[in-house]
Amino acid sequence: MLDGFVNTSILARAQKKGLVEIHVHNLRDYTTDRHRRVDDYPFGGFAGMVMACQPIDACISALKAERHYDEVIFTTPDGERFDQPMANSLSLAENLIILCGHYKGVDYRIREHLITKEVSLGDFVLTGGELAAAAMTDAIVRLVPGVLGDEQSAFNDSFQDNLLAAPVYTRPADYKGWRGPDVLLSGHEAKIKEWEISQSLERTQRLRPDLLNE
Ligand code: ADE
């Protein structure tokens, strides 16, 4: 699931260019029992399965023995909400571990002793943390200088200045009678900039007024 994602498109190019390294680890490779089990029944007779300490500890310890990690992140719906400022700050880190939660959860002692940051994508529950880890990896890696062709483009993203981005258009100027704003074809740079800012403000006001109060 993750191998395909991190070896496609911009993340693949970023790795080929040597700008980032992304390694996916299978916790089953760190088990000690013959069945390569990573989970077990919860104490207390609760429903579901819990990811056990041993494989997670073995994996994280093996990685930490090779290099220093700025954060050991756990993806969980009860974590701190992931957003653009968090992506910005994590993009400055040298090395990160993201542990994908699964099943009903992981043995809480892992969270107490090994995890430094718990992160949620939002108030909904995914089956596993892989999609959350993939989304975070994408948001973080695209901010690493050189990853996006035009370095400016990450700065213009929606949310970078708490404003939604202005709409964009390309050729043809008239598609089946659907026309974009004439100002964009005027070649008048100042007027185009002014249009872009007013569109940004108007869309933020209308769609995400909460951002303007932050
Ligand atoms: N794992 C399950 N649900 C999640 C969420 N909303 N965010 C991050 N990780 C999760």
Side-chain angles (χ1 to χ4, degrees), residues 1-11 14 20-31 36-61 63-64 69-93 95-144 147 154 157-160 162 164 207-208 210-211 214:
M1 189 172 176
L2 286 170
D3 274 330
F5 181 76
V6 304
N7 292 306
T8 306
S9 186
I10 288 184
L11 295 189
V20 292
E21 282 182 36
I22 306 172
H23 301 280
V24 180
H25 304 272
N26 186 346
L27 290 173
R28 286 190 196 285
D29 297 339
Y30 295 87
T31 50
R36 312 214 312 150
R37 269 184 76 160
V38 294
D39 61 348
D40 211 333
Y41 294 99
F43 288 155
F46 299 111
M49 299 296 276
V50 174
M51 286 172 71
C53 286
Q54 181 275 319
I56 297 172
D57 180 34
C59 179
I60 291 176
S61 300
L63 296 179
K64 280 182 174 173
Y69 285 91
D70 303 81
E71 299 279 9
V72 182
I73 298 167
F74 177 56
T75 60
T76 175
D78 54 9
E80 182 186 346
R81 179 73 70 92
F82 187 67
D83 59 9
Q84 196 61 44
M86 195 191 291
N88 291 345
S89 95
L90 291 174
S91 77
L92 302 173
N95 297 300
L96 298 169
I97 292 174
I98 305 179
L99 171 66
C100 305
H102 224 301
Y103 311 115
K104 267 285 176 200
V106 314
D107 190 309
Y108 203 75
R109 289 168 290 186
I110 291 293
R111 296 169 69 166
E112 288 173 320
H113 296 282
L114 295 179
I115 299 299
T116 62
K117 195 175 183 69
E118 302 192 326
V119 182
S120 169
L121 282 200
D123 289 344
F124 51 88
V125 179
L126 298 165
T127 312
E130 288 85 356
L131 283 179
M136 289 171 58
T137 302
D138 186 283
I140 293 165
V141 169
R142 65 191 292 286
L143 297 172
V144 172
V147 167
D157 289 340
S158 285
F159 303 111
Q160 274 306 10
N162 266 5
L164 301 184
L207 301 168
R208 290 295 306 276
D210 56 299
L211 291 176
E214 273 179 23

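Ligands are counted one by one from 1 in listed order, and the atoms in each one are counted from 1 as well.
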Does Q54 reach the main-chain N or O of Y30 with its side chain, forming a donor-acceptor pair under 3.5 Å? yes
Whether the side chain of D57 engages the backbone of C53 through a donor-acceptor N/O pair (distance < 3.5 Å, no angle test) should be reported. no
So, are D83 and R81 salt-bridged, with charged N and O less than 4.0 Å apart? no
If you count the non-hydrogen atoms of other residues, nucleotides and ligands that lie under 6.0 Å from CZ in F124, is the total more than 12? yes
Where is the tightest heavy-atom contact between S120 and T76, given as atom of each residue plus distance? CB-O, 3.1 Å
Considering only heavy atoms from C-beta outward, does the side chain of D138 approach that of F5 to under 4.5 Å? yes
What protein heavy atom sits nearest [atom], and how far away is it?
{"atom": "atom 6 (N) of ligand 1", "value": "F124 O, 2.7 Å"}
{"atom": "atom 1 (N) of ligand 1", "value": "P77 CD, 3.8 Å"}
{"atom": "atom 3 (N) of ligand 1", "value": "L126 N, 2.9 Å"}
{"atom": "atom 7 (N) of ligand 1", "value": "L121 N, 2.9 Å"}

With a 4.0 Å heavy-atom cut-off (strictly under), which part of V119 contacts ligand 1: side chain, backbone, both or neither? backbone
Structural part of T76 in contact with ligand 1, heavy atom criterion under 4.0 angstrom: backbone
Backbone or side chain, does any N or O of [X] fall under 3.5 Å from an N or O of ligand 1?
{"X": "V125", "value": "no"}
{"X": "G129", "value": "no"}
{"X": "A132", "value": "no"}

N162 and Q84: side-chain donor and acceptor closer than 3.5 Å? no
So is G122 touching ligand 1 or not, going by heavy atoms under 4.0 Å? yes
